[in-house]
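Contents: one structure, followed by commentary.
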2 protein chains.
Amino acid sequence: MNTLSYGLLSMLSYAPFSGYDLMQKIQPFWPAKHSQIYPLLAQLERDGYIQHELVVQPDKPDKKVHSLTDLGREALSQWLSQPACPPVTRDELSLKIFCMNEGDPVDIQRLLEQRVEYCREKLVWFHAKSELFAHKRMDSSPGIVLLMRRALFSFQSELDWAEWALKELRGEG
Amino acid sequence: MNTLSYGLLSMLSYAPFSGYDLMQKIQPFWPAKHSQIYPLLAQLERDGYIQHELVVQPDKPDKKVHSLTDLGREALSQWLSQPACPPVTRDELSLKIFCMNEGDPVDIQRLLEQRVEYCREKLVWFHAKSELFAHKRMDSSPGIVLLMRRALFSFQSELDWAEWALKELRGEG
DNA sequence: GATGTCTATGTAAAAATTGATATATAGAAA
DNA sequence: TTTCTATATATCAATTTTTACATAGACATC
């Protein structure tokens with residue numbers, strides 16, 4: 001079973017969700033398209049880790065709501081006892097910064113400004129999510145609190161860097 | 001042409017390198033195996049973006065040293081004028097933290113301790129690289145200076161988070 | 001009434017990435 | 001002498017991921 005499959009089980013650990021919802025929930029941690037998720041959900045069900053019930057909605061299309069089986073919950077538990085693979089990040093911006101000498105300084109500044117904007121949007125989103133969550137439970141889902149804080153740390157540090165870099169470039173050019 | 005191909009051109013913008021060296025150089029920005037790199041280098045040469053010369057080494061196996069052509073340098077320049085794709089990060093640790101309720105708290109603490117260690121190693125490496133680089137050029141390769149600083153920012157913030165998270169968990173448990 | 005968006009599920013094909021196998025030189029260690 | 005590691009290049013198979021194709025209900029807008 002691959003990491004994305006375990007990720008789907010992880011998303012289902014708090015509550016049942018449809019494939020569509022799972023796809024959106026897992027994006028911040030392990031980006032994946034629905035074309036990858038639906039087949040994996042079918043396989044997870046074949047293997048007995050999840051089950052589903054059809055939910056009819058009056059205002060929206062019907063959906064399959066997936067939930068963990070006991071076997072699925074056991075699989076999560078044993079997965080947690082194993083070390084995690086190192087994180088993988090691929091960022092085209094890094095590759096462009098590396099060879100910035102080859103291009104127009106204005107282009108590089110625009111790239112950094114776009115990254116600043118990107119980080120600001122993410123920070124707004126996570127701050128809003130963070131406040132929403134503070135009103136709900138706290139001790140029942142410590143993991144989500146930790147991850148929220150981490151996202152804020154991470155995007156803030158990226159934002160700080162991008163703004164510092166812009167200042168450096170403007171100071172020189 | 002895909003992002004990794006541009007990344008290889010980017011790595012060649014300062015100096016010529018062998019496929020083996022390119023593979024190591026590009027890891028921090030765009031992880032890739034040699035099995036992916038060698039075919040791309042052959043294609044980049046077919047398309048006229050790079051050329052190579054065979055270098056005989058007395059103490060090591062012969063190598064192909066690749067360098068940018070004018071066309072390759074032009075391609076880099078036009079690539080820099082286009083916006084960068086958003087960064088993609090996949091981290092199994094996030095997925096495990098998310099469902100930490102399902103496992104033994106000791107397991108989660110171990111995962112965080114391993115991440116702390118991972119960040120410390122990276123920080124040591126980048127600090128060493130940073131000092132080495134300060135002695136060489138500064139104004140000739142501003143991109144590398146920016147990227148170095150960013151790596152330090154990024155791993156420091158991840159380290160801070162992981163240590164904070166461990167303190168939280170130990171404080172509660 | 002047509003058009004677009006969001007919700008919802010699925011498959012097929014293409015591209016990107018990883019893992020395995022293969023070969024070869026040189027040096028160090030056992 | 002054998003074994004291991006680092007350097008160096010290359011291909012093939014498997015897996016993962018993305019892109020495109022396909023269908024459909026409910027709602028809003030034009």
Side-chain angles (χ1 to χ4, degrees), chain A residues 1-8 11-12 16-47 50-67 84-92 95, chain B residues 1-9 11-12 16-47 50-67 85-92 95:
Chain A
M1 207 161 56
N2 63 22
T3 307
L4 178 54
S5 297
Y6 279 111
L8 293 169
M11 298 296 121
L12 290 173
F17 287 107
S18 67
Y20 187 83
D21 289 339
L22 282 170
M23 193 243 302
Q24 301 190 328
K25 274 182 80 78
I26 209 171
Q27 292 307 314
F29 315 115
W30 198 278
K33 317 285 179 185
H34 70 267
S35 54
Q36 193 177 11
I37 294 191
Y38 288 121
L40 285 182
L41 286 172
Q43 196 194 303
L44 284 169
E45 181 162 311
R46 276 200 303 279
D47 297 343
I50 60 175
Q51 56 193 26
H52 81 270
E53 64 172 325
L54 196 71
V55 172
V56 179
Q57 302 182 114
D59 54 334
K60 294 173 195 170
D62 301 353
K63 64 180 175 182
K64 288 184 178 179
V65 172
H66 306 269
S67 56
C85 294
V88 172
T89 299
R90 289 196 174 88
D91 188 353
E92 195 178 14
L95 299 172
Chain B
M1 207 161 55
N2 64 21
T3 307
L4 178 54
S5 296
Y6 280 111
L8 293 170
L9 296 185
M11 297 297 120
L12 290 174
F17 287 108
S18 69
Y20 187 83
D21 289 338
L22 282 170
M23 194 244 302
Q24 300 190 327
K25 274 183 79 77
I26 208 169
Q27 293 308 311
F29 314 115
W30 199 277
K33 316 285 179 186
H34 68 268
S35 53
Q36 194 177 10
I37 295 196
Y38 287 121
L40 285 183
L41 286 173
Q43 197 195 301
L44 284 169
E45 181 160 310
R46 276 200 304 279
D47 296 343
I50 59 175
Q51 55 193 23
H52 81 270
E53 62 172 326
L54 196 71
V55 171
V56 179
Q57 302 181 113
D59 54 334
K60 295 172 192 171
D62 301 352
K63 63 180 174 181
K64 289 184 179 180
V65 173
H66 306 270
S67 56
C85 294
V88 171
T89 299
R90 289 197 173 88
D91 188 354
E92 195 177 13
L95 299 171

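Keep in mind it's a predicted model, so treat the numbers as computed, not measured. Proteins come first, then strands; the chains are lettered A, B, ... in the order of their sequence lines, and each starts at number 1.
When atom types are taken as modelled, the side chain of B/Gln43 and the backbone of B/Pro39 share no donor-acceptor pair closer than 3.5 angstrom. Looking at B/Arg90, its side chain does come within 3.5 Å of a backbone N or O of A/Pro31 through a donor-acceptor pair. Listed for the A/Glu53 side chain is no donor-acceptor partner under 3.5 Å among the backbone atoms of A/Lys64.
In this structure, A/Tyr6 places its OH atom 17 Å from C1' of D/dT16, rounding to the nearest Å. Computed from coordinates, the A/Leu54 CG to C/dA8 C1' distance equals 11 Å when rounded to whole Å. If you measure from atom CD1 of A/Ile37 to atom C1' of D/dT18, you get 13 Å, rounded to the nearest angstrom. One interatomic measurement links the two molecules: CE of B/Met1 to P of C/dA15, which rounds to 16 Å at whole-angstrom precision. Atom NZ of A/Lys64 and atom C1' of C/dG10 are 9 Å apart (whole Å). Straight-line distance from the CZ atom of B/Phe17 to the P atom of D/dA8: 12 Å, rounded to whole Å. Atom CG in B/Asn2 sits roughly 15 Å away from atom C1' in D/dT19 (whole-Å rounding). Atom-to-atom, OH of A/Tyr38 to P of D/dT19 comes out at 18 Å; the value is rounded to the nearest Å.
Residue B/Leu22 holds its CG atom at 9.0 Å from OH of B/Tyr38, rounded to the nearest 0.5 Å. The distance from the CG atom of B/Leu41 to the NE2 atom of B/His66 is 4.5 Å, given to the nearest 0.5 Å. To the nearest 0.5 Å, atoms NZ (B/Lys60) and OH (B/Tyr20) are separated by 9.0 Å.
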Output, in order, the C-alpha distance, side-chain angles, deciding distance and verdict of side chain to side chain contact (heavy atoms under 4.5 Å, CB included) for A/Leu54 and A/Val65. CA-CA 6 Å; A/Leu54 196 71; A/Val65 172; over 6 Å; no
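For B/Lys60, the side-chain atoms get nearest to D/dT7 when compared with the rest of D/dT7, C/dA16, C/dT9.
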Report, one pair per line, the protein and nucleotides 18-20 of chain C atoms (nitrogen or oxygen only) whose separation is under 3.5 Å.
from, atom 1, to, atom 2, distance (Å)
C/dT18, OP1, A/Arg90, NH2, 3.2
C/dT18, OP2, A/Arg90, NH2, 3.4
C/dG19, O6, B/Ser35, OG, 2.6

Output one line per pair: protein atom, nucleotide atom from nucleotides 3-6 of chain D, and distance, for all N/O pairs under 3.5 Å.
none

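A sub-4.0 Å separation between OP1 or OP2 of D/dT7 and a side-chain N or O of B/Gln57 is absent. When the side-chain nitrogen and oxygen atoms of A/Trp30 are compared with OP1 and OP2 of D/dT17, one or more of them lie within a distance under 4.0 Å.
Taking 4.5 Å as the limit, every side-chain heavy atom of B/Val55 sits out of range of all side-chain heavy atoms of B/Asp62. Residues A/Ile37 and A/Ile26 meet the side-chain proximity criterion, which asks for heavy atoms closer than 4.5 Å.
Taking the nucleotide of DNA chain C with the nearest heavy atom to each of A/Asp62 and A/Pro39, the more 5' of the two is matched to A/Asp62. Comparing A/Leu4 and B/Ser18 against DNA chain D, the residue whose closest nucleotide sits nearer the 5' end is B/Ser18.
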